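Below is one structure; the comments refer to it alone.
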Amino acid sequence: YMGSSIMLEVSWWFVIKCLLIAWLGFKVYKLFIREWIYIAYYWRQGFPLDDYFPLIGGFWRQISDEKKYGDCSFTPKEQVRRDPEKRIRVSTNLGNVDLMLLDPVLVDEFYKVATTHYEKERTMIANFLRVIGEGIVFQEGERWKLHRKILSSAFDFSNLRKMAPIVREVVDEHFQTMSQQPLNRIKIMNEFQKMTGDIVLRTFFGRNFSQHSLDGKPLTLFLADFLAAVALQPLKNPLSFLFGGGILKYNLTRNDREISRQLGLLTKIASETVEARRRSSVSAYQKGEERKDFLDFLLEYNAKHPEDPLTEKEIIDSFFTMFIAGMDTTGHLLGLAVYFLWKNPQYGDKILAEAEEQKINFGAINIDDLAKLKFLDAFLQETLRFATPTLTLIPRAVSYTHLTLPTIYSV
């Protein structure tokens, strides 16, 4: 009887060891061996590997380029400059193979089948999916079309025209605060991000929402710090490189638990605002505001389509999506525009001359006035070309096996 117990104990330990060995073998195959099989597959077709670094692959090249050249996309740009005929750039990423399409013809062909043969890549940004996973950015198919339709109505030109007073109000408030600080202590891009973030808060949930504070911080600053922490979260938990970003939601580290706590606070205050507005059945517009806010448009859709409403998470994730997009991209654009004006003051003179010629009243500027400022528009377009805040579109993972593209590829 004792011998049988010992054999049973040894047997269970043997099984556990076998399972661990099998798991490690699978991880080695998935993260290292399999990607080299497919690298060789494309190499034979005339597309050699451009970047390789264990595990993080092309991400390492972006970090290196940013540190060395101040531009995380320097290497791809340089390759195209040296070889205008280059069509595809091949790199690796956590056991997957990434293709960056450089040929406009290939890009056109890709988007003809993007919705049927590919789906938005989620592996590397699983930490952000908790925040914006059900917003428009990561929706697919008919649900994406629905979100786009609703937001398009909110961005109607007549509604945008009514936003101008809110923008002027926020900008005046922030510049008034900045005027009381020493110039050498002002980080202009951060200030622009605060402005645009505050504008998103007021235009999405209404004027009063931005007055909330969390952990003793204004809501805009709390949100900005929270999103920065989410972006760095995978780097502070090495397990995400072995098990994927999905492991971060299990709160295994102190940093993961703190991010979950902050997300809970933000979700709670947003949820309470949505529920209060829904119960009142009275829009901000009906309460005397000059315009509907974005929450009004989303709740109006739900009232008209009770059979297929937007979920509360879809509404909250839409807010987070707009906050990220508005704060980061617009703040980046304005910050770089100021930088280029500083480097090229002659363009600032032309912008002011154009405004004087068009008799623009800066104290009451509106969208109709902006349409007259052609040189300003061209300057901002050129700023986007030189220093875009968005390097690429969201990578797409292969969901339909082609004759020429294995399913571990993302494009």
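Worth saying up front: this structure is predicted, and the values here are computed from it rather than measured. Count residues from 1 along the sequence.
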For atom [atom1] of [X], decide whether the heavy atoms of other residues, nucleotides or ligands shown that lie under 6.0 angstrom number more than 12.
X      : atom1 : result
Phe26  : CZ    : no
Leu24  : CG    : yes
Trp23  : CH2   : yes
Arg148 : CZ    : no

For the student: nearest non-hydrogen atoms of [X] and [Y], plus distance:
X      : Y      : value
Pro306 : Pro309 : O-CD, 3.4 Å
Leu49  : Ser91  : CD1-CA, 3.9 Å
Ala224 : Phe323 : N-CE2, 4.2 Å
Asp317 : Leu129 : OD2-O, 4.5 Å
Phe155 : Met322 : CZ-CE, 4.0 Å
Pro389 : Leu384 : CD-CD2, 3.8 Å

Are the charged groups of [X] and [Y] less than 4.0 angstrom apart, N to O?
X      : Y      : result
Arg143 : Glu134 : no
Asp108 : Lys112 : yes
Arg202 : Asp198 : yes
Glu354 : Lys350 : no
Lys77  : Asp71  : yes
Glu191 : Lys187 : no

Determine whether [X] and [Y] make a side-chain contact, defined as any pair of heavy atoms from C-beta on separated by less than 4.5 Å.
X      : Y      : answer
Glu356 : Ile351 : no
Ile365 : Arg168 : yes
Trp43  : Ile39  : yes
Pro234 : Leu248 : yes
Leu160 : Asp156 : no
Trp144 : Ile136 : yes
Glu314 : Leu298 : no

Donor on one side chain, acceptor on other, [X] and [Y], under 3.5 Å:
X      : Y      : value
Asp65  : Thr75  : yes
Gln262 : Glu258 : yes
Arg130 : Ser260 : yes
Gln79  : Asp50  : yes
Gln62  : Ser73  : no
His332 : Gln193 : no

Open item on the list: For Asp103 and Lys86: C-alpha separation, side-chain torsions, deciding distance, then whether salt bridge (Lys or Arg N to Asp or Glu O under 4.0 Å) applies.
Closed with: CA-CA 7 Å; Asp103 183 349; Lys86 190 173 180 63; over 6 Å; no
May I ask you to decide if [Y]'s main-chain N or O and [X]'s side chain share a donor-acceptor pair within less than 3.5 Å?
X      : Y      : answer
Lys120 : Val137 : yes
Lys374 : Ala371 : yes
Asp215 : Lys217 : no
Thr196 : Thr330 : no
Glu275 : Glu272 : no
Asn159 : Ala154 : yes
Asp328 : Ala325 : no
Thr203 : Val200 : yes
Thr388 : Arg385 : no

Hey, could you give me the [atom1]/[atom2] distance between [X] and [Y], rounded to the nearest 0.5 Å?
X      : Y      : atom1 : atom2 : answer
Asn127 : Ile259 : CG    : CD1   : 7.5 Å
Leu232 : Asn255 : CG    : CG    : 8.5 Å
Asn302 : Glu312 : CG    : CD    : 10.5 Å
Phe192 : Leu336 : CZ    : CG    : 11.0 Å
Phe294 : Asp296 : CZ    : CG    : 10.5 Å
Lys359 : Glu357 : NZ    : CD    : 8.0 Å

Open item on the list: Can you confirm if the aromatic rings of Tyr339 and Phe386 lie within a centre distance of less than 6.0 Å?
Closed with: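 Ring-ring flag for Phe386/Tyr339: false, centres at least 6.0 Å apart.
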- [ ] Tell me whether the centres of the aromatic rings in Phe110 and Tyr118 are closer together than 6.0 Å.
- [x] yes
TODO: Could you check Asp256 against Thr253 for side chain to side chain donor-acceptor pair (under 3.5 Å), going step by step and ending with a plain yes or no?
DONE: CA-CA 5 Å; Asp256 293 344; Thr253 69; 3.2 Å; yes
TODO: Classify the angle between the aromatic ring planes of Phe74 and Tyr69 as parallel (below 30°), tilted (30 to 60°) or perpendicular (above 60°).
DONE: parallel
- [ ] Measure the acute angle between the ring planes of Phe226 and Phe222, then classify it against the limits of 30° and 60° as parallel, tilted or perpendicular.
- [x] parallel
Task: Residue from Thr220, Leu201, Leu219 passing side chain to side chain contact (heavy atoms under 4.5 Å, CB included) with His212 - done: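 Only one of Thr220, Leu201, Leu219 forms a side chain to side chain contact (heavy atoms under 4.5 Å, CB included) with His212, namely Leu219.
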Task: Chi angles and distances behind the ring pair (Phe, Tyr, Trp, His ring centres under 6.0 Å) call for Tyr347, Phe340 - done: CA-CA 9 Å; Tyr347 297 134; Phe340 285 127; 9.7 Å; no
Task: ring pair (Phe, Tyr, Trp, His ring centres under 6.0 Å) between Phe320 and Phe204, worked out - done: CA-CA 10 Å; Phe320 285 135; Phe204 194 100; 9.4 Å; no
Task: Worked verdict on Asp377 versus Lys372 for salt bridge (Lys or Arg N to Asp or Glu O under 4.0 Å) - done: CA-CA 9 Å; Asp377 179 67; Lys372 302 174 185 176; over 6 Å; no
Task: Worked check of side-chain contact (heavy atoms from CB on, under 4.5 Å) between Arg87 and Val105 - done: CA-CA 9 Å; Arg87 304 178 68 204; Val105 175; 5.6 Å; no
